[in-house]
Amino acid sequence: MHVKVLGSAAGGGFPQWNCGCRNCASVRTGSFPGKARTQAQIAVSGDGRLWFLLGASPDLRSQIEVSPELHPRDGVRKSPIAGVVVSSGDLDHVLGLLLLRELQPLRIYATPSIRRILCEDNDMFAMLNRVSGQALWTDIVPATPFSLVGADGNGCGLKCETLPLPSRYPAYVGDHRAAGLAPCEALQGTIIEDKSGKRLAYLPAVPQVGDDLLEQLESIDLLFFDGTFWSDDELIRIQGGGQTARQMGHIAVSSAQGSLHRLAELRRPRKVFFHINNTNPMLDESSDQYRQIQAAGWQLAEDGWNIQL
Ligand SMILES: [Zn+2]
């Protein structure tokens, strides 16, 4: 399996346009001991020719331009991007779909609830279905494996399975609408498997790590895991108000209930923190927090990584 990390930051990117936190400010002065990052985006391929996107970030256009393997070839208007797996309705995960509206045939996998939110409640998404054969929306049934294939039915040898995670619908979905949607369709963890049985898990938002999820992760070779916040009250301390990480649907990295501790016994996968918020102190490669995650066997995902599984 070919895995390309196009972006590794949480929503807003790093630095974030309106943020003057210590991290963002020092990136702008060129003195930050770490790397800037665009918004979370991964692409996968089984053969190196046909690619599938995991989510569609608002930075997708520039992310594609710096990735030669995703450039059009074999003719005009022929992108090697065959489809998108949508695992939540979060804006930083779906806004990029609107950037793919130029009549490229695409398969878009999403749960029926996410498809209804996007296509029935948000008229702009009709731009993805201006002509027949443009976007082929295909239902994800949680926990049911399926082959990844483009709109023309061709695949590249990858299978996908999603795990429903306990979460709620994004804030732009009204309470009345959310009450009519299936709770198990709000957020999926995504597992991609190639023909040789190598498995990637893509989990940019994990509200909590239950024993069942831990068990699933024992079979994973490459884990991209929610690295949004270091601590539960990170945003409140830095901004002077707001929500906790848990309220925003993210398990923190640190603390007794945090992901470092909860996933410490997980031996098989290569463990990579992904979807990292600009406020997270572990972005600073001279920090204690960065040393802690390294000592625990974790890496921080970086834009531009190419991984061969
Ligand atoms: Zn910041």
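One is the number of the first residue; the rest follow in order along the sequence. Atoms within each ligand, like the ligands themselves, are counted from 1 in listed order.
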Across all chains, not counting sequence neighbours, the side chain to side chain donor-acceptor pair (under 3.5 Å) partners of R22 are D284
Can a donor-acceptor pair be found between the side chains of T228 and N277 at a distance below 3.5 Å? no
With 2.8 Å as the threshold, which protein atoms of type N, O or S lie near the Zn ion (ligand 1)? Leave waters out. C19 SG, C21 SG, C24 SG, N278 OD1
Is the distance between the ring centroids of Y202 and F274 under 6.0 Å? yes
Going by the rule side chain to side chain donor-acceptor pair (under 3.5 Å), which residues pair with S287 if we only count those two or more places apart in sequence or in a different chain? none
Would you say S87 and H93 are linked by a side-chain donor-acceptor pair, where the criterion is simply a distance under 3.5 Å? yes
Any side chain to side chain donor-acceptor pair (under 3.5 Å) involving residues 159-168? Give me the pairs, sequence neighbours left out, ordered by first then second residue. T162-Q188
